[in-house]
Amino acid sequence: MSADSLPPAVLQVLPMLETGGVERGTIEVAEALVRAGFRALVASAGGRLVPELTHCGAEHIALPLASKDPWVMWRNAAKLAALIRERRVSIVHARSRAPAWSARLAARRTGARWVTTYHGTYTEGFALKRRYNAVMASGERVIAISGFIAEHLMARHGTDPARVRIIPRGVDPRRFDPAIVSGERIVKLARAWRIPDDAPIVLLPGRLTRWKGQEVLIEALARMHRRDAVAVLAGDDQGRLGYRAGLEALAERLGLGRRVRIVGDCPDMPAALMLADVAVSASIEPEAFGRVVVEAQAMGRPVVATAHGGAAETVSPGETGFLVLPGDADALAAALDHALSLDDAARAALGARAREAVLGRFTTERMCAATLDIYRELL
């Protein structure tokens with residue numbers, strides 16, 4: 001095949017391919033690109049998800065894009081520019097700040113079109129940090145993963161609304177489908193996590209970091225009327241050993257040592273959600289989107305989330321889940337007691353409404369189709 005007849009190539013850049021919503025979305029878009037006849041390239045420092053990426057037909061290029069060292073970032077720009085020229089890349093799509101600075105310079109040097117996804121609110125302690133963050137608002141098209149993020153980036157950076165596209169994250173209903181999760185998968189997790197028979201399970205998926213609200217959930221567990229519920233914290237500590245130890249100490253201090261499980265990363269989240277009686281997103285800072293919420297709803301699980309950020313856009317209170325004030329352990333305890341008190345018919349009705357809402361608005365197919373529409377628009 002001659003160079004002129006090659007299908008268009010899209011290069012996505014991010015720090016690593018370990019775990020998380022950014023990484024998952026990158027792979028999903030790469031797979032959609034391959035299915036649509038594009039060439040899909042992803043540059044990162046690597047990680048456990050690389051085999052999944054290459055299995056779908058995309059190509060991974062290993063570069064030290066997780067580094068924030070200015071000299072390394074400068075060299076990355078040169079390497080990316082060479083890659084863009086060699087592979088005749090038409091569009092560069094950046095998903096994180098450090099690699100975005102390198103990728104933007106490479107795109108300018110080569111004439112490739114430039115897309116960014118604004119994934120979070122990004123902390124700003126000083127003016128230079130705002131400048132650092134602004135690269136994520138610099139795309140010819142800037143994808144905001146929720147209405148909350150769109151408002152934030154326009155207010156913070158003065159981004160022209162004409163360049164902004166709101167594309168919510170999605171879940172794959174083929175994977176997150178209650179009908180395909182076997183009893184064996186559920187039992188395997190229950191045994192691995194040492195769940196007592198008939199104990200109600202309250203599941204909080206998410207990496208172990210204070211803003212995700214694991215401490216609030218443990219405090220709420222101590223205030224619930226139900227004294228038999230077990231809280232499962234499923235997420236990688238990413239080296240935050242002190243925070244993990246603090247969670248364990250808090251549980252012991254509240255007399256909950258036997259009712260709190262810190263289980264690490266869970267590779268089978270559909271089964272984990274089927275094991276759970278209630279899923280929780282207790283973030284004390286606004287989630288940019290809150291993928292955990294829609295994953296739980298797709299599995300027909302009652303979900304309790306904090307009423308701010310993207311989560312407030314994905315839960316209809318009392319219809320598809322429940323919302324509580326962030327950081328309010330009493331309110332969370334009351335909501336969990338209420339969710340656990342639902343009879344079978346009420347749980348089934350809530351779960352059906354939740355799954356229907358997700359299928360209508362928050363699927364991977366919708367997310368990928370909207371993203372590819374942006375690529376085609378620029379091409």
Side-chain angles (χ1 to χ4, degrees), residues 19-21 24-25 28 168-196 198-208 212-214 217 220-221 229-236 260-283 287 289-306 310-311 314-316 319-323 332 335-336 338-340 342 344 346-364:
T19 182
R24 178 58 53 192
E28 289 164 347
R169 288 181 180 175
V171 297
D172 185 349
R174 299 168 300 177
R175 178 170 178 244
F176 286 88
D177 180 354
I180 66 170
V181 178
S182 67
E184 289 81 1
R185 287 166 61 184
I186 299 170
V187 169
K188 181 179 178 181
L189 282 181
R191 288 174 176 168
W193 294 347
R194 299 174 291 107
I195 303 298
D198 300 323
I201 306 302
V202 177
L203 174 69
L204 193 162
R207 64 188 182 276
L208 298 190
K212 287 288 188 180
Q214 287 94 356
L217 175 57
L221 191 68
V230 172
V232 175
L233 310 181
D236 198 332
V260 175
R261 305 284 190 273
I262 303 177
V263 300
D265 185 57
C266 176
D268 192 353
M269 191 52 62
L273 288 164
M274 287 302 291
L275 176 63
D277 294 279
V278 185
V280 176
S281 175
S283 302
E287 290 275 4
F289 175 70
R291 192 169 185 142
V292 164
V293 174
V294 293
E295 288 178 347
Q297 291 176 313
M299 298 303 292
R301 299 292 93 180
V303 61
V304 179
T306 41
T314 58
V315 175
S316 298
E319 293 294 317
T320 64
F322 308 97
L323 294 175
L332 180 55
L336 291 172
H338 175 65
L340 291 175
L342 297 175
D344 290 345
R347 283 176 61 87
L350 184 145
R353 291 192 299 267
R355 181 168 172 81
E356 183 179 1
V358 168
L359 295 181
R361 297 179 59 198
F362 302 116
T363 64
T364 299

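Owing to the predicted nature of the structure, the values given are computational and were not obtained by experimental measurement. Quick note: residue numbers are just sequence positions, from 1.
- The heavy-atom pair separating Val171 from Ala298 by the smallest distance is CG2-CB, 3.9 Å.
- No donor-acceptor pair closer than 3.5 Å links the side chain of Thr363 to the backbone N or O of Asp172.
- Not counting sequence neighbours, the partners of Asp265 by the side chain to side chain donor-acceptor pair (under 3.5 Å) test are Arg48.
- Residues forming a side-chain contact (heavy atoms from CB on, under 4.5 Å) with Asp277 (at least two apart in sequence, or on another chain): Pro200, Ile201, Leu340, Arg347.
- A 4.5 Å side-chain heavy-atom check between Ile180 and Arg174 finds every atom pair outside the cut-off.
- Val293 approaches Ala311 most closely through the heavy-atom pair CG2-CB, 4.4 Å.
- Here Val304 pairs with Val278, Phe322, Val324, Leu332, Ala335, Leu336 under the side-chain contact (heavy atoms from CB on, under 4.5 Å) rule; sequence neighbours left out.
- Counting heavy atoms from C-beta on, the side chains of Val358 and Pro173 never come closer than 4.5 Å.
- Between Ala231 and Leu221, the shortest heavy-atom distance links the atoms CB-CD2, 3.9 Å.
- Separating the CG atom in Leu217 from the OG atom in Ser281 is a distance of 11.0 Å, to the nearest 0.5 Å.
- Using a 4.5 Å heavy-atom cutoff, the side chains of Met274 and Arg185 are not in contact.
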Checking side chain to side chain contact (heavy atoms under 4.5 Å, CB included) for the pair Phe176/Val294: CA distance, chi angles, key distance, verdict? CA-CA 10 Å; Phe176 286 88; Val294 293; over 6 Å; no
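- Using a 4.5 Å heavy-atom threshold, the side chains of Arg353 and Ser316 count as separate.
- Glu28 has no carboxylate O lying under 4.0 Å from a charged side-chain N of Arg175, or vice versa, which leaves the two without a salt bridge.
- Between Arg169 atom CZ and Glu295 atom CD the span is 10.0 Å, to the nearest 0.5 Å.
- When the side-chain contact (heavy atoms from CB on, under 4.5 Å) test is applied to Arg361, no partner is found at least two apart in sequence or on another chain.
- Counting only heavy atoms from C-beta outward, the side chains of Leu203 and Met269 approach each other to under 4.5 Å.
- Between the side chain of Arg301 and the backbone N or O of Ala276 there is at least one donor-acceptor pair closer than 3.5 Å.
- The backbone N or O of Ser283 sits less than 3.5 Å from a side-chain atom of Thr306, completing a donor-acceptor pair.
- Pairing each heavy atom of Leu275 with each of Leu189, the nearest pair is CD2-CB, 4.2 Å.
- Taking the side chain to side chain donor-acceptor pair (under 3.5 Å) definition, one finds that Gln214 meets it with Tyr243, sequence neighbours left out.
- Heavy-atom minimum distance, Arg355 versus Pro178: NH1-CD, 3.8 Å.
- The backbone N or O of Ala357 lies less than 3.5 Å from no partner atom in the side chain of Gln297, so there is not a single donor-acceptor pair.
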Do Glu287 and Val292 pass the side chain to side chain contact (heavy atoms under 4.5 Å, CB included) test, and can you show the C-alpha distance, the side-chain angles, and the key distance before you say yes or no? CA-CA 10 Å; Glu287 290 275 4; Val292 164; over 6 Å; no
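- Scanning for side-chain contact (heavy atoms from CB on, under 4.5 Å) contacts around Val263 gives Trp193, Val232, Ala234, Arg261, with sequence neighbours left out.
- Nearest heavy-atom pair, Ala199 versus Val230, reported as atom, atom and distance to 0.1 Å: CB-CG2, 4.0 Å.
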